[in-house]
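Quick note on labels: first sequence line is chain A, next is B, and so on, each numbered from 1. Note that this is a predicted model, so its numbers are computed, not measured.
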Amino acid sequence: MVAQKKGGGARVSEDAEEQSRQRLQAILLADSFATKFRPVTLERPKVLLPIVNVPMIDYTLAWLESAGIEEVFVFCCAHSMQVIEYLENSEWYSHPNLVVRTIESHKSISAGDALRYMYEQQTETSQILGDFVLVSGDTVSNMPLADLIQEHRERKKKDEKAIMTMVIKKSKSSSLTHQSRLGTDQLFIAVDPLTKQLLHYEEDKIDLAKGSVCLEKSLLDGNPSVLLFNDIQDCYIDICSPEVLSLFEDNFDYQQLRRHFVKGVLVDDIMGYKIFTHEIHSSYAARIDNFRSYDTVSKDIIQRWTYPYVPDINFSGNRPLKLGRQGTYRACDAVQSRSADVGASTVIGYGTKIGNGDIILNSVIGNGCSIGSNVVIEGSYIWNNVTIEDGCEIRNAIVCDGVKIRAGAVLQPGVVLSFNVVVGRDFVVPAYSKVSLLQQPTTEDSDEELEYAESSSGAVDHSSGVNLQIESKASELGPDGAGYIWEVCEGAHDEEWKHSVAPIPKDKLAEITQAIDDDDTEDESVLPPSGELKSDADSINTDVNDPNDDYYYFEKEVEGTFLRAIDENIKVDLVTLEINSLRLSFNMESADCAGAVFYSMMKQAVDTPHNSASELYRNASSIMGKWKELLGFYVKKIDEQIEVIMKFEEMCQESPKELGPVFTQILHFLYEKDVLQEDAILRWAEEKAGADEADKVYLKQCEKFIQWLKEASEEEDEDDEEEDS
Amino acid sequence: MPDVQSMVVEFVNKLRKRKIEGSQATAKYTVELLRSVISQHRVPHANQAAALIDAVKAVGEQLVAANPVELAVGNVVRRVLHIIREEDLSLTTAAMAGLDLLDASDDDDEDNCKGIGYPAMSAAVVAAARSTLRPPSLQTLLEGTPESATVPYTSSSGADSESKTADKSSITRKLKHDVIEGVNQLIHEIAGCHEQIAEQAIEHIHQNEVILTLGSSRTVLEFLCAAKEKKRSFRVFVAEGAPRYQGHLLAKELVARGLQTTVITDSAVFAMISRVNMVIIGAHAVMANGGVIGPVGVNMAALAAQKHAVPFVVLAGSHKLCPLYPHNPEVLLNELRSPSELLDFGEFSDCLDFGAGSGSPLLQVVNPTFDYVPPNLVSLFITDTGGHNPSYMYRLIADYYSADDLVM
């Protein structure tokens, strides 16, 4: 719990305040507070995991330094000793332009806790004074920050409430899996096109089947137009004002930055804080959140999107590799057999030996590895000092430091081998399995996602573990292997392919395509690409608020009112008044009221105990007779009367056994009581004449009645004519 | 010397992050940095030249490693090393000359035979030393003969150690002073190379000509403007220099200075070349064989010029002359920059989704910065010392660099 300060301590002088206004600061969270990289993160913190042979934190620090940040607070939580030790031995502690301070806290279990801890520290030593950049230690980017911070400051000057600027980048997500290329769920945001203010943020699963997203109605009130995006990637780079820290302090239940903080700010009307977005175009930014994004970002680095943070440039004390044809990077002292085939987009580290007849494609191989002959490595990430014996096959796997893979072993796609695991001779590691020398923690805390072994000193932990496990439980990876195959948490098994290094298997894709095709036949609506949503009266009623939903609630309310009216014997005009006010508050038409009132009456009739259809008819007629005026109030027009008939028909279809037989009788009753006019019934019959056979059941049932009506009207007509003539 | 060290680290950082662009700016930074390295270096009494050389080399190696593609850094480091060696040589020879004059007056009567044998031997040593330090060049051949005749002595004479030590401290101070003087001259030269080159513009650009250029080069801009100032009227075609479109910037500046300018796409170069009288290009570096490293697309322009027999002229300040050959293993000819200069990441992000299909990237984007033009396509080099043929480059280089420094 001791905040360590190194270097730059002497710099804090009288004019520190003056300087700090200009000084650019950043908070780097050296802990992801997640378990997605387990079992690897049990032994080493995530930020020290190598990506294309350089620890992730080096990419982040190099970028921050280059972007003009002068002071970085590295917040260490899990394996804090390892992070601090690494930074102490790296060139970052002695960097002329960048002061790196580490802050250690073991209590924090989320980003929210970390920021609260920072806030407490800050009040003591007044560390964070101005706007700061909040990033996670697994960010790879090359975007310039100085201008963006300036933009944020100026906006803040104009508008006190603009406390955060969020960096976003366009990136299309797959239309099949609705997953971004970084393996995260599709993100849906709404932005004001003029001010770039963030209005809505939805990262949790959107209802993809329906292809719709619910927005707050109030969103459209204040804004003339709203831009909706579904092809945006959140870079998890935020420019924050000091208020952000105090907000975290005030809301002690904020844990995660996005799910809690951003949503909290967006929903909160009282404080009125605003979040703005900044879209980057030519620069690169991505966060390594899961194994899928590990693979994607690695490939982006190899393809040089992150220039100048690429393997052939020495950007942070890494030894630069030599870039050859087809984007292969090779260390100058790597030994490669002539018969080995090293394909495009491959990285080979220092002191690595590649044997005869090896085939290596799209892979990253670390330093000091030795690879036997006739090995196939495809799309895999081999870290440092790995030994692979002859004839192994490795496809789409992550192999950590010090692993031994004995001759003939096969790693199927999606395998993750943690540190110092030994795979036995000819053993086949099944797809998507995660193997570690450490046993899977048995008490899985699903609420608190921690990247944490019980003791903070992972190094000691695992060295003692190695010996134990090799003796006791060696057979899980073949007779001469060592390590436990972790069981996949229940429920997550189906999701495993989503976040794995391996590409999504063909059969899974086919399955999804099939599912989508099925959906399409039912419902043609697919989430349209990003576009502008104009706010006018229509869109509020029809697009934004689901009308069916509203009608359902309205019906319930009317029914409730009606029941109360019966129980308490309230006068008709008072009930009418109540229903009218409901009508206004739900923004309904009087035809809807007619339908709802009729529905309530029939429901009441059905609910009253009865033994036969005739009894039901009696019930219904008595209720309707009693409340005729109420119904009559809403069925003045022909349209409203038709609505009632349709409603009735609908009800009959829902419970055909009960209501079916009495359809004609009740219709007749309504006609006799002058609730329905004959025109309405005839128009309904005409409309229905063109419908499917299934829909015509009730039409046929009351065919005679309609026939009779028609004749009656003709007679009337004749009478009229006679009178005329 | 903490401040020199921090300056070196800062400069190395900038080079690594590719924050300094353009060989002239880099050369200027490098030479100024080396000047402060030399001036702050405490020189020991014995063997000062070697100590200085070591200090400069140590810094130079760091700088070159930081951005091996920026050849100007290596060039300037070698130039400074050369200056140190030259100054050392001229100082010792001058000192020996003084000493030997003394010796001669003292020893004349006593030791005649020694006096006769001695100068003959030392003259041979000097000649040998010279030839190793400097490959024969026109300049040295012309200047060298009278010099070696008048000063035929070397430092190898071990006589009169007392009188020598008296001189030593003054020599030390003098060496450093002379070297700094020489480096200042180099700084002046680098700063003034644009004007030196531009002065020759009037000889090359004629009335009503059409000039084609590609990419953006300060040297080319000054060159064209100098001709314009001398009341020459001509047209300039500027190929835009995709993907960074530096040609657009050049066109802007040319128009601001009142030149008739036409912007064309890079791919239209071949179509337009028949109307062009001369192609003028600014080089990133000139190799020892006369080959040129220039902005990407230059080779295409050179081939087009050759096809239509249009002169292909390369402008290069002397700091761009690289003593290495393009086939040397330590020469890194190209730098691949970010694909985002070519493509919009957002638009192509679905092509880069590795989660689907085989997981191997199907879309590759290559964005090289430089192009290599072989010497046979170059008609003329214009440096600050005048116009030269590509085949003459290696001799020019021999004037500027010592053979010992070629491999650092």
Side-chain angles (χ1 to χ4, degrees), chain A residues 62 65-66 94-97 142 169-177 179-183 231-233 279 281-284 292 295-296 299-300 302-310 312-316 320 322-323 326-327 343-345 361-362 378-379 396 413 498 501-504 506 509, chain B residues 2-3 5-21 62-70 243-244 329-330 332-369:
Chain A
E65 188 271 318
S66 163
S94 56
H95 204 280
N97 303 333
N142 59 1
K169 183 164 176 64
K170 190 176 172 191
S171 171
K172 293 177 191 165
S173 51
S174 157
S175 54
L176 277 183
T177 53
Q179 202 185 10
S180 76
R181 52 196 295 280
L182 295 175
D231 55 353
I232 284 293
Q233 167 202 324
E279 191 180 350
H281 295 280
S282 60
S283 350
Y284 182 87
R292 170 88 256 128
D295 174 59
T296 306
K299 280 173 177 152
D300 289 340
I302 290 169
Q303 296 208 1
R304 307 180 75 80
W305 288 96
T306 57
Y307 181 92
Y309 312 109
V310 286
D312 62 328
I313 292 179
N314 169 5
F315 57 88
S316 72
K322 208 161 170 107
L323 173 60
Q326 287 190 301
S345 308
L361 293 169
N362 296 316
E378 214 176 290
N396 303 107
K498 270 192 167 177
V501 261
I504 300 163
K506 287 228 167 60
L509 280 179
Chain B
D3 52 358
Q5 199 48 43
S6 68
M7 274 166 74
V8 170
V9 170
E10 200 186 328
F11 186 54
V12 162
N13 254 323
K14 278 186 179 165
L15 283 173
R16 273 187 196 169
K17 302 269 163 66
R18 309 297 194 252
K19 281 197 170 168
I20 299 182
E21 277 197 48
Q62 287 181 49
L63 298 183
V64 170
N67 186 357
V69 106
E70 190 50 273
R244 302 180 74 196
E330 58 265 33
L332 188 61
L333 285 180
N334 223 330
E335 165 111 321
L336 298 182
R337 295 177 64 90
S338 168
S340 63
E341 288 173 357
L342 270 79
L343 304 180
D344 179 51
F345 183 85
E347 281 305 312
F348 281 82
S349 52
D350 45 350
C351 306
L352 295 163
D353 194 345
F354 309 117
S358 66
S360 61
L362 294 173
L363 177 72
Q364 306 269 355
V365 188
V366 179
N367 179 15
T369 320

Enquirer: Return the option, out of Val9(B), Val69(B), Val365(B), Leu336(B), with the maximum number of heavy-atom pairs under 4.5 Å with chain A.
Expert: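 If we count pairs closer than 4.5 Å to chain A, Leu336(B) comes out on top.
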Enquirer: So which of Gln303(A), Glu378(A), Gln326(A) has the largest heavy-atom pair count under 4.5 angstrom toward chain B?
Expert: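 Heavy-atom pair counts peak at Gln303(A).
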Enquirer: To check you understand the geometry: which heavy-atom pair defines the closest contact between Asn314(A) and Arg16(B), and what is its length?
Expert: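 That closest heavy-atom pairing would be O-CD, 2.5 Å.
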Enquirer: Tell me, for Lys19(B) versus chain A, whether the close heavy atoms (under 4.5 Å) come from the side chain, the backbone, both or neither.
Expert: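 Answer is side chain: those atoms of Lys19(B) sit under 4.5 Å from chain A.
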Enquirer: With chain B, which of Ser282(A), Ser66(A), Ala62(A) has the greatest number of heavy-atom pairs at distances under 4.5 Å?
Expert: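 Option with the top pair count is Ser66(A).
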Enquirer: Which answer fits Glu341(B), side chain, backbone, both or neither, if we ask what part of it has an atom under 4.5 Å from a heavy atom of chain A?
Expert: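 Glu341(B) has no heavy atom closer than 4.5 Å to chain A.
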Enquirer: Need one label for Pro308(A): side chain, backbone, both or neither, based on atoms under 4.5 Å from any heavy atom in chain B.
Expert: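 Looking at Pro308(A), just its side chain touches chain B.
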Enquirer: Can you say whether Asn67(B) sits under 4.5 Å from chain A via the side chain, the backbone, both, or neither, judging by heavy atoms?
Expert: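 No part of it gets close to chain A.
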Enquirer: Please classify the contact of Ser345(A) with chain B as side chain, backbone, both or neither, using a heavy-atom distance under 4.5 Å.
Expert: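 Side chain only.
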Enquirer: State, yes or no, whether a side-chain contact exists between Arg292(A) and Phe354(B) at a heavy-atom distance under 4.5 Å.
Expert: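 Counting from C-beta outward, Arg292(A) and Phe354(B) do come under 4.5 Å.
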Enquirer: Measuring from Asn367(B):CG to Trp305(A):CH2, what's the distance to the nearest 0.5 Å?
Expert: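 One gets 10.0 Å once the value is rounded to the nearest 0.5 Å.
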Enquirer: At a heavy-atom separation under 4.5 Å, does Ile302(A) approach chain B through its side chain, its backbone, both, or neither?
Expert: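 Neither part.
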Enquirer: Is it true that atom NZ of Lys506(A) has more than 12 heavy atoms of other residues, nucleotides or ligands lying nearer than 6.0 Å?
Expert: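 Open: at most 12 neighbouring heavy atoms sit under 6.0 Å from NZ of Lys506(A).
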Enquirer: Under a 4.5 Å cutoff for heavy-atom pairs, which residue among Lys170(A), Arg181(A), Lys322(A) has the most contacts with chain B?
Expert: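 When all of Lys170(A), Arg181(A), Lys322(A) are compared, Arg181(A) has the most.
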Enquirer: Side-chain contact test, heavy atoms from C-beta onward, threshold under 4.5 Å: evaluate it for Arg18(B) versus Ile313(A) and give yes or no.
Expert: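 SC-SC contact between Arg18(B) and Ile313(A) confirmed.
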Enquirer: Any side-chain heavy atom of Leu352(B) sitting closer than 4.5 Å to one from Lys299(A)?
Expert: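 Leu352(B) vs Lys299(A): side chains apart.
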Enquirer: So which part of Leu363(B) gets closer than 4.5 Å to some heavy atom of chain A, the side chain, the backbone, both or neither?
Expert: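 The backbone, not the side chain.
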Enquirer: Could you have a look at Arg304(A), Lys169(A), His281(A), Glu65(A) and say which one has the most heavy-atom pairs with chain B under 4.5 angstrom?
Expert: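 Most pairs with chain B among the choices: Arg304(A).
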Enquirer: Just how far is it from atom CG of Asp231(A) to atom CD of Glu347(B), taken to the nearest 0.5 Å?
Expert: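 Interatomic distance, Asp231(A) CG to Glu347(B) CD, rounded to 0.5 Å: 8.5 Å.
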Enquirer: With chain A, which of Lys14(B), Arg337(B), Gln364(B) has the greatest number of heavy-atom pairs at distances under 4.5 Å?
Expert: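 The answer is Arg337(B).
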